[in-house]
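Down below is the structure, laid out as structure tokens.
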Amino acid sequence: MKVPPLEEQLRLIKRRAVDIIPESDLVKKLERALRTQKPLRVKLGVDPTSPDIHIAIGVVLQKLRDFQDCGHTAVLIVGDFTARIGDPSGRSAQRKMLSQAEIEANMRHYKEQALKILDPSRLEFRYNSEWLEHMNFAKLLELASRYTVAAMLERDDFAQRYQSGTPISIVEFLYPLAQAYDSVAIQADVELGGEDQRFNLLVGRAIQERCGQEPQVCFIAAPVLEGLDGVKKMSKSFGNYVGVTEPPNEIFGKLMSIPDALIERYVTFMTDLDWEKLKELHPKEQKQKLAHAIVKRYHSEAAADAALEEFERVFARKERPAEVQKVYLDKRVLKPNGTVWVVELIAPLTKSRSEAKRLIEQGAVELDGVKIAQDDQDVLFRDGLLIKVGKHRFAEFYLKEHSP
RNA sequence: GCCGGGGUACCGAAGCGGCCAAACGGGACGGACUGUAAAUCCGUUGGCCUUUGCGCCUACGGGGGUUCAAAUCCCUCCCCCGGCACCA
């Protein structure tokens, strides 16, 4: 692959960037790389506790891909060491401890997803235990001496917690240092991260310098993007995310239900669509374009077309979906006259029979398009009976042959 | 170690002897409305019973006790939080 000229690289790399600290260093490094034919090492830290990549993280990975496309090397650093230690004080619930086996399983999965975005030929995948494991206490003290408490307290949440008397364990101070040391270990030229990583990236820059290395450029590739609820940041733990490996229809559907206020942000940061051109469209169409673009990115154009069509079919035209899960009914619940009690029928689709009854009472259940109003009735059963529970849970029923 | 405050449903949080399957808020789910929007409104939100009943079972950190009756009182254990002390 040919390495693009400087202007082209800058255009591609700077596109959508939130902040580049400092931009002049980036230009310098790019120039030098071009001159010496030595690609830049572009680092991105990966948290092995959550193996699922969602589309907000995808934005950062996409940026990493941009660097790759300019001929540079992406270095993914798996924070396995830190994840294994966790936070022994147990203060931060986010930091759960993991075994090495869990981490490796997570990372196999992660890598698979990351390769939907990244170019494997310019990718380095490293575990930070490689260097942190062998770090003894003396080396840790040396590292720790290169940063000050005052500088640590510049991080907003530290400052706030310190002032309000909320405990901050020393370990928490050590995490940014560990991450910074990763940059030293792999000699990062650039470190990428979301807005939430700004402080940590800057620590890396400072530590490299104090270790006699050329400091990395801190590249803020994305703002903290809100999740589907439009309020909290997108995160697996809030359940407001879209995973990049989710099926096309899921991704499409989730994106169609975001609040309007989010459309512009998602379009701007997650797609290459031109917002100026979408601005005047009806919000529904904007969302459809957005959803289509994202499904296309993580699946394919054909999948995106199909998802769009499916969406129109099920939700706009209220027809049955192209594919419906099949549920097999136990023969024993069938009465001699060929009918089944509705609750018995619905129960496999719900958590409990009580819930099944509740849903029926609430008018959430349709059989072959006919609403069931009461939970004390029997219905005639036939193979292929179509049941709809709520807005989008469909199932087709068949009889399970079974000999007692 | 000492002192004080806590552990209640998916989460936050009331209740502090009976009227508690547990107020209220959030979430989730369902319905109406729509653009499957969002917002709003209404409803549901432990399980079981084709008996729907002032029904039965399970549930207020674990265990034991007092009482006709406990989430509520007593004992004990576990865990969390804050303050103070100590600091090799």
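Regarding A:K287, its NZ atom lies at a distance of 9 Å from the C1' atom of B:rU36, rounded to whole Å. One interatomic measurement links the two molecules: CD of A:E309 to P of B:rU36, which rounds to 14 Å at whole-angstrom precision. The CG atom of A:N240 sits 14 Å away from the P atom of B:rA38 (whole-angstrom rounding). Between A:K357 atom NZ and B:rG43 atom C1' there is a gap of 19 Å when expressed in whole angstrom units. Rounding to whole angstrom units, CD1 of residue A:I360 and P of B:rU45 are separated by 15 Å. Atom CD1 of A:I346 and atom C1' of B:rC29 are 15 Å apart (whole Å). As a whole-Å value, the separation of A:K351 NZ from B:rG47 P is 8 Å. A straight line from CG of A:L262 to P of B:rA39 spans 12 Å, rounded to a whole angstrom.
Taking the six-membered ring for Trp and thresholds of 30 and 60 degrees, A:Y147 and A:F199 have ring planes more than 60 degrees apart, a perpendicular arrangement. The aromatic rings of A:F252 and A:F311 lie tilted to each other, with the angle between the two planes from 30° to 60°.
Pair assignment for B:rA71: none, as no Watson-Crick or G-U wobble contacts are both less than 3.5 Å. Within the shown strands, B:rC84 is the pairing partner of B:rG1 under the Watson-Crick or G-U definition, both distances less than 3.5 Å. Using Watson-Crick or G-U wobble geometry with both donor-acceptor distances under 3.5 Å, B:rU52 finds no partner in any strand shown. Searching all strands for a Watson-Crick or G-U wobble partner of B:rA32 with both distances below 3.5 Å returns B:rU40. Shown here, B:rU66 forms no base pair; nothing in the strands shown gives a Watson-Crick or G-U wobble contact with both key distances under 3.5 Å. With both pairing distances under 3.5 Å, B:rC16 is matched to nothing as a Watson-Crick or G-U wobble pair. When both distances must be under 3.5 Å, the Watson-Crick or G-U wobble mate of B:rC10 is B:rG26.
Looking at the side chain of A:R358, the nearest of the listed nucleotides B:rG31, B:rG47, B:rG43 is B:rG47. In this structure, the nucleotide among B:rU36, B:rA38, B:rG47 sitting nearest to the side chain of A:S354 is B:rG47. The side chain of A:K371 lies closest to B:rA32, out of B:rA32, B:rG47, B:rU36. Comparing B:rA32, B:rC48, B:rG30 by their closest approach to the side chain of A:L359 singles out B:rG30.
Nucleotides B:rC16 and B:rU72, compared at atom C1', are 5 Å apart to the nearest Å. When the P atom is used for both B:rA13 and B:rG26, the distance is 16 Å, rounded to whole Å. Taking the P atom of each, B:rC54 and B:rG5 are spaced 44 Å apart, rounded to whole Å. Rounded to the nearest Å, the gap between the C1' atom of B:rC57 and that of B:rG64 is 23 Å. On the P atoms, B:rC33 is 48 Å away from B:rG17, given to the nearest whole Å. Between B:rA59 and B:rG47, the two C1' atoms lie 10 Å apart (nearest whole Å). Straight-line distance between the C1' atoms of B:rA71 and B:rG62: roughly 15 Å, to the nearest whole Å. Annotation: B:rG46 and B:rA28 have their C1' atoms spaced 15 Å apart (nearest Å).
Nearer the 5' end of RNA chain B, as judged by each residue's closest nucleotide, is the contact made by A:G363, out of A:M256 and A:G363. Nearest-nucleotide positions on RNA chain B for A:F315 and A:D376 put A:F315 closer to the 5' end.
Side-chain contact annotation: A:E301 with A:H292, donor-acceptor N/O pair under 3.5 Å absent.
The side-chain hydrogen bond (donor to acceptor under 3.5 Å, both in side chains) test with A:S183 singles out one residue from A:R41, A:Q208, A:K43, and that residue is A:K43.
Under a 4.0 Å N-O distance rule, the pair A:R65/A:D69 qualifies as a salt bridge. Contact check on A:D272 versus A:R15 returns a salt bridge, with a Lys/Arg side-chain nitrogen under 4.0 Å from an Asp/Glu carboxylate oxygen.
The base of B:rG31 has none of its N or O atoms less than 3.5 Å from a complementary donor or acceptor on the side chain of A:Q362.
Look at A:S352 and you'll find a side-chain N or O under 4.0 angstrom from OP1 or OP2 of B:rC48.
Judged by distance alone, the side chain of A:Y266 and the main-chain N or O of A:E226 form a donor-acceptor pair under 3.5 Å.
No engagement by A:D375 is indicated, since no non-hydrogen atom pair under 4.0 Å with the nucleic acid exists.
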